[in-house]
Amino acid sequence: MSNNERLVKQITAKTEDFSRWYVEIVQKAELADYTPMKGMMVIRPYGYAVWENIQRLMDGRIKASGHVNAYFPLFIPESFLKKEAEHVEGFSPEVAWVTIGGKEELEERLAVRPTSEAIIGYMYSKWIKSWRDLPVLYNQWANIVRWEKVTRPFLRTTEFLWQEGHTCHETAEEAQAETLKILAMYKEFCETELAIPVIAGRKTLREKFAGAHMTYAIEALMSDGKALQMGTSHNLGQHFSKAFDIKFEDRNQTLQYVWQTSWGTTTRMIGALIMSHGDDSGLRLPPRVAPTQAVLVPIPAANWKETVLPVARRVEESLRAAGLRVALDAREEFTPGWKFSEYEMRGVPLRIEIGPRDVKNGQAVLVRRDLKTKETVSLEVLSARVPALLEEIQATLLKQATVFLADNIRPAGSYEEFKNILETTRGFIRAAWCGGEVCEDRIKTETMATIRVIPLEEEDRPVEGACICCGAPGQAVALFARSY
RNA sequence: CGGGGAGUGGCGCAGCCUGGCAGCGCGCUUGCCUUGGGAGCAAGAGGUCGACGGUUCAAAUCCGUCCUCCCCGACCA
């Protein structure tokens with residue numbers, strides 16, 4: 001649409017250069033900005049407000065399932081990190097170290113936490129003595145530092161914010177149940193709140209968390225056809241409890257190591273919102289996490305401050321009373337048209353226009369951000385219509401993303417076809433895998449695609465077909481994709 | 001960490017090759033006038049040209065080192 005083009009002249013088209021489109025939205029919608037330090041960004045108030053909504057909604061779920069919040073130190077002694085061999089091995093390339101305090105060299109250097117299993121494990125060993133102490137269901141909201149080589153706002157930054165759950169259980173079965181329960185909760189969260197459909201599944205051993213017994217993840221598909229991991233849930237088995245000596249006396253009076261889990265979601269989810277829902281005009285935020293759900297734009301005329309503005313203020317109040325996050329933009333230095341574009345860029349789900357004509361007719365014009373459709377609504381029913389419309393917008397975003405996901409999961413009958421999909425449409429490729437790391441590596445080297453997950457729903461079914469790579473009998477059906 | 005591109009008022013860029021007064025558009029400030037899809041006119045403000053060092057009478061421009069960002073690859077939420 002040529003009209004559209006004109007309106008969004010500042011943003012690079014999504015189809016023209018997806019990466020550039022992404023960073024432009026991040027900056028122009030004022031979600032985040034770069035600092036002079038590599039990979040370190042400022043989450044600006046608008047972006048942080050999205051995070052606060054995510055946090056609030058996620059925190060509610062975490063607490064509803066019996067978990068409690070706590071806070072552990074930012075610094076972790078090197079000796080702690082070293083206790084779980086695979087854990088250090090996996091994280092050492094990206095750990096930042098503190099070696100000096102004030103002016104004195106430290107006796108033992110301190111890691112800036114890349115994740116908190118080590119420090120939490122140490123504390124758990126002090127606190128847990130009996131089966132009566134279990135389960136321990138802790139969660140922490142914290143910042144994390146990982147010295148990444150390639151960084152991108154929200155998707156991969158040196159420092160990021162997250163939530164990390166750390167639980168201890170009496171039995172392996174309980175730990176496994178917890179791992180899957182959280183995975184299901186994450187999936188439900190993404191779909192309900194973020195309107196992003198995800199595929200829940202198991203990671204291969206190559207892709208699992210360093211120190212975990214088994215890693216599960218939810219994977220989403222961004223609109224450029226690349227996959228993004230939206231959250232992980234690990235069954236840690238007894239790896240850390242053995243390393244940190246977290247023992248309890250069980251119901252039969254024998255000493256046992258606890259069974260643990262850990263799980264996390266991060267500010268990366270904001271990146272996923274951008275890349276799942278955004279269009280050429282900018283962001284499209286799902287109403288449930290949008291900082292502003294509806295923006296009122298009064299249309300000025302001769303004496304609009306006496307006529308239009310009071311009506312707009314009353315509407316604002318009534319919507320706020322209905323529990324909605326609304327804003328009234330009565331600034332005179334910008335024209336309505338300018339504001340329309342601005343709020344589209346920032347992804348505000350609904351725009352409410354009130355002008356002289358509307359005041360005369362006792363109505364308002366509602367414009368949806370998702371479909372850009374307009375409707376005229378009587379002021380009397382506005383506070384009922386707006387929440388309903390917001391729900392429709394939430395549902396539409398989820399539906400569009402769900403259709404996109406379904407359309408972009410393709411079976412590959414041969415390795416040639418597999419490669420061809422990656423060269424053309426991208427998306428997920430559903431194919432059988434022999435379970436061998438040799439094939440996994442070869443596919444990665446040759447196609448840049450990795451096994452994102454072995455979907456849970458596939459695990460109950462018998463595996464049909466041969467390994468897409470070597471032709472040996474398939475051991476699992478996996479979803480492959482290039483990823484962020 | 002390898003290959004490529006870039007860094008000049010807030011943003012987008014020209015100027016660099018061939019050294020000689022730092023420019024343009026948008027934005028910003030003030031005033032008038034406008035306002036239903038990024039209005040118009042007028043007058044203004046704003047720069048150690050990414051940083052450091054070198055060459056030169058003279059450096060945005062030439063040389064070197066470093067930093068940051070973007071793209072494409074090896075490692076990871």
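The chains referred to below are lettered A, B, ... by the order of the sequence lines, with proteins before strands, and numbering in each begins at 1. What you see below is based on every heavy atom in this structure, not just the backbone, and it leaves out hydrogens, waters and symmetry mates. Small disclaimer: the values here were computed from a predicted structure and weren't measured.
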Spacing of the [atom1] atoms in [M] and [N] (rounded, Å):
N	M	atom1	result
B/C13	B/C49	C1'	13 Å
B/G37	B/G19	C1'	48 Å
B/A59	B/C16	C1'	10 Å
B/U61	B/U56	C1'	13 Å
B/A14	B/A6	P	10 Å
B/A60	B/U8	C1'	7 Å
B/U29	B/C71	P	33 Å
B/G9	B/C24	P	15 Å

Return the nearest nucleotide to the side chain of [X]; candidates are [options].
X	options	result
A/Gln229	B/G38, B/G37, B/A77	B/A77
A/Val23	B/G38, B/C76, B/C70	B/C70
A/Glu344	B/C13, B/U35, B/G37	B/G37
A/Phe334	B/C28, B/C70, B/G37	B/C28
A/Met448	B/G12, B/C71, B/G73	B/G73
A/Thr335	B/C1, B/C71, B/G38	B/G38
A/Val367	B/G38, B/G37, B/C71	B/G37
A/Trp338	B/G38, B/G36, B/C70	B/G38
A/Arg20	B/G12, B/C76, B/G38	B/G12
A/Thr266	B/A77, B/C75, B/G38	B/A77

Planes under 30° and centres closer than 5.5 Å, is that true for A/Phe340 with the base of B/G38?
-> no
Nucleotide [N], atom [atom2] - distance to [atom1] of [X] in whole Å:
X	N	atom1	atom2	value
A/Arg482	B/C75	CZ	C1'	17 Å
A/Lys374	B/G37	NZ	P	6 Å
A/Gln363	B/G36	CD	P	17 Å
A/Lys226	B/A77	NZ	P	16 Å
A/Tyr22	B/C69	OH	P	14 Å
A/Arg146	B/A77	CZ	P	6 Å
A/Arg156	B/G73	CZ	P	14 Å
A/Glu333	B/C32	CD	C1'	16 Å

For A/Thr215 and A/His234, test the side chains for any donor-to-acceptor distance below 3.5 angstrom and give the result as yes or no.
-> yes
Side chains of A/Tyr48 and A/Gln55, donor plus acceptor under 3.5 Å = no
Need one value for [X]: base, sugar-phosphate or nothing, where a base atom within 4.0 Å counts as base even if backbone is also close, heavy atoms only.
X	answer
A/Gln27	nothing
A/Asp358	base
A/Gly39	sugar-phosphate
A/Ile144	nothing
A/Gly355	base
A/Val297	nothing
A/Lys149	base
A/Arg152	sugar-phosphate
A/Ser483	nothing
A/Tyr34	sugar-phosphate

Partner nucleotide, any strand, of [N] [Watson-Crick/G-U, under 3.5 Å]:
N	result
B/G47	none
B/A74	none
B/C62	B/G54
B/A22	none
B/G37	none
B/A6	B/U68

RNA chain B: 5'-proximal contact among A/Tyr484 and A/Trp304 (nearest heavy atom) | A/Trp304
Find which nucleotide of RNA chain B each of A/Pro300 and A/Lys38 is nearest to by heavy atoms, and output the residue with the more 5' nucleotide.
-> A/Pro300
ring-ring contact (aromatic ring centres under 6.0 Å, His included) evaluation trace for A/Phe340 with A/Phe334 | CA-CA 10 Å; A/Phe340 297 166; A/Phe334 296 106; over 10 Å; no
For B/C70, take OP1 and OP2 only and decide whether either is under 4.0 Å from a side-chain N or O of A/Ser19.
-> no
Please state whether the phosphate of B/C75, meaning OP1 or OP2, lies under 4.0 angstrom from any side-chain nitrogen or oxygen of A/Lys444.
-> yes
Is there side-chain contact between A/Leu155 and A/Met275, with heavy atoms separated by less than 4.5 Å?
-> yes
N-O pairing of A/Glu392 and A/Arg385 below 4.0 Å = yes
Should the pair A/Glu164-A/Arg113 be classified as a salt bridge under the 4.0 Å nitrogen-to-oxygen rule?
-> no
Six-ring centre of A/Tyr46, A/Arg346 cation under 6.0 angstrom, axis tolerance 45° | yes
Reference residue A/Glu344; test salt bridge (Lys or Arg N to Asp or Glu O under 4.0 Å); the match among A/Arg284, A/Arg368, A/Arg369, A/Arg351 | A/Arg351
If you take all heavy atoms of A/Ala220 and A/Pro197, which pair is closest and at what distance?
-> CB-O, 3.9 Å
Can you label the angle between the A/Trp263 ring and the A/Tyr186 ring as parallel, tilted or perpendicular, going by 30° and 60°?
-> perpendicular
